[in-house]
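Only one structure is covered here, and it is reproduced in the block below.
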2 protein chains.
Amino acid sequence: MEIIQLYKCLCDVQRLRILNLLREGPLCVCHLMEILEVDQVKMSKQLQYMKKLGLLEVEKVAQWRVYRIADLGTPLLDQNLSCLQECGPEDLRFAEDLAARKRVMKDNVAGVVAGGCGSC
Amino acid sequence: MEIIQLYKCLCDVQRLRILNLLREGPLCVCHLMEILEVDQVKMSKQLQYMKKLGLLEVEKVAQWRVYRIADLGTPLLDQNLSCLQECGPEDLRFAEDLAARKRVMKDNVAGVVAGGCGSC
DNA sequence: TTTGTACATGCACTTGACGGAATATAAGTT
DNA sequence: AACTTATATTCCGTCAAGTGCATGTACAAA
């Protein structure tokens, strides 16, 4: 994967937010949609975009597709993602997303018993 | 400066090559053109692009404009640039550019006596 | 005052990425 | 077989970003 492609991927706030979330652990599409409040088509396109680049990997778990960050050879991606929370006042969005993640995952576990994706 | 803007800047090979060169020290426009074999208009546009973002600073030295990387608050840019030489086989371009830099600068010092820009 | 050097800017054109709407698919449920 | 759920894909319009070409500017030298 070319480094330019990586930067093209990081150019988009939506994709950065997705990667920021996946950095904490894998998530299925429906949870990503719920946390980021994005419609299904848009989310799916972004995920395919990153999957084609080799940045993401998918696993089928029951009826869900669970996405996670693939292991590139380089620490470059991780280095960049680790900056997201501290890089400026306008970027508290990324911290908020992590909070939303906890909220959503908790609700799903508490609410619908055994209704969540097994591995996210 | 928003982080997205930084990544948009890094998306372009030409700009990456310029930044890679400037990381070793300031350069004037004509040297950048010579090292990267880019025409003047294109080079100037890229430099303005990065200057407007606050990534570059200019200084007038005699008849030349000497560009250097500005001090952003974050180590993010430097971290990314430091990976350029080691990030893949297709990226030996960046190492070659540094070699070309040495060659060009040496020729200018040896050839035209006092014909180079003072500070690059 | 014209010429030359070093650099910047404006304009028209093309290409590529994002959004929206509609549709497709795959697998389980009734 | 029809339906639902979860996710992917295709078509299309729009708009930003890169390119080429021509031109502008600033300043020193002849």
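A distance-only check finds no donor-acceptor pair linking the side chain of A/R65 to the backbone of A/V29 [under 3.5 Å]. Checking side-chain atoms of B/R15 against main-chain N and O of B/K8 turns up a donor-acceptor pair under 3.5 Å. In terms of modelled atom types and a separation under 3.5 Å, the side chain of B/D97 and the main chain of B/R17 share no donor-acceptor contact.
The nucleotide whose nearest atom lies closest to any side-chain atom of A/K8 is, among C/dC18, D/dC27, C/dA17, C/dA17. Side-chain atoms of A/W64 lie closest to D/dT7 of the nucleotides D/dA8, D/dC27, D/dT7. When each of D/dC21, C/dC7, C/dG20 is scored by its nearest atom to the side-chain atoms of A/K42, the top-ranked nucleotide is C/dG20. Distance from the side chain of A/Y49 is smallest to C/dC18 among C/dA22, D/dT7, C/dC18. Checked against C/dA21, C/dT9, D/dT7, the side chain of A/C30 finds its nearest nucleotide in D/dT7.
Here C/dT9 presents its P atom at 16 Å from CG of B/D39, a figure rounded to the nearest Å. Between A/M50 atom CE and C/dA17 atom P there is a gap of 15 Å when expressed in whole angstrom units. Atom NE2 in B/H31 sits about 15 Å away from atom P in C/dT5, given to the nearest Å. We find that CD of B/Q46 is positioned 13 Å from P of C/dA8, with the value rounded to whole Å. Atom CD of B/Q48 and atom P of C/dC7 are 11 Å apart (whole Å). Put simply, NZ on B/K52 is 6 Å from P on C/dT9, counting in whole angstrom units. A straight line from CD1 of B/I4 to P of C/dC18 spans 11 Å, rounded to a whole angstrom. As a whole-Å value, the separation of B/M43 CE from C/dC7 C1' is 12 Å.
Side-chain atoms of A/K45 come within donor-acceptor range of the base of D/dT10, with a qualifying N/O pair under 3.5 Å. Counting atom types as modelled, B/Q40 pairs no side-chain N or O with a base atom of C/dA6 as donor and acceptor under 3.5 Å.
Contact annotation: A/R15 side-chain N/O to C/dC18 OP1/OP2 distance is under 4.0 Å. Proximity of A/Q63 to the phosphate of D/dT7: no side-chain N or O atom is located under 4.0 Å from OP1 or OP2.
The nearest heavy atom of DNA chain C to B/Y67 and to A/Q14 marks one nucleotide each, and the one closer to the 5' end goes with B/Y67.
Residues A/D12 and A/Y49 bring no donor and acceptor atom of their side chains to less than 3.5 Å of each other. Side chains of A/N80 and B/Q79: a donor-acceptor N/O pair is absent below 3.5 angstrom, by distance only.
A/D12 comes within 4.0 angstrom of sugar-phosphate atoms only, judged by non-hydrogen atoms across all strands, and of no base. Within 4.0 Å (heavy atoms only), A/K60 reaches sugar-phosphate atoms of the nucleic acid but no base atom.
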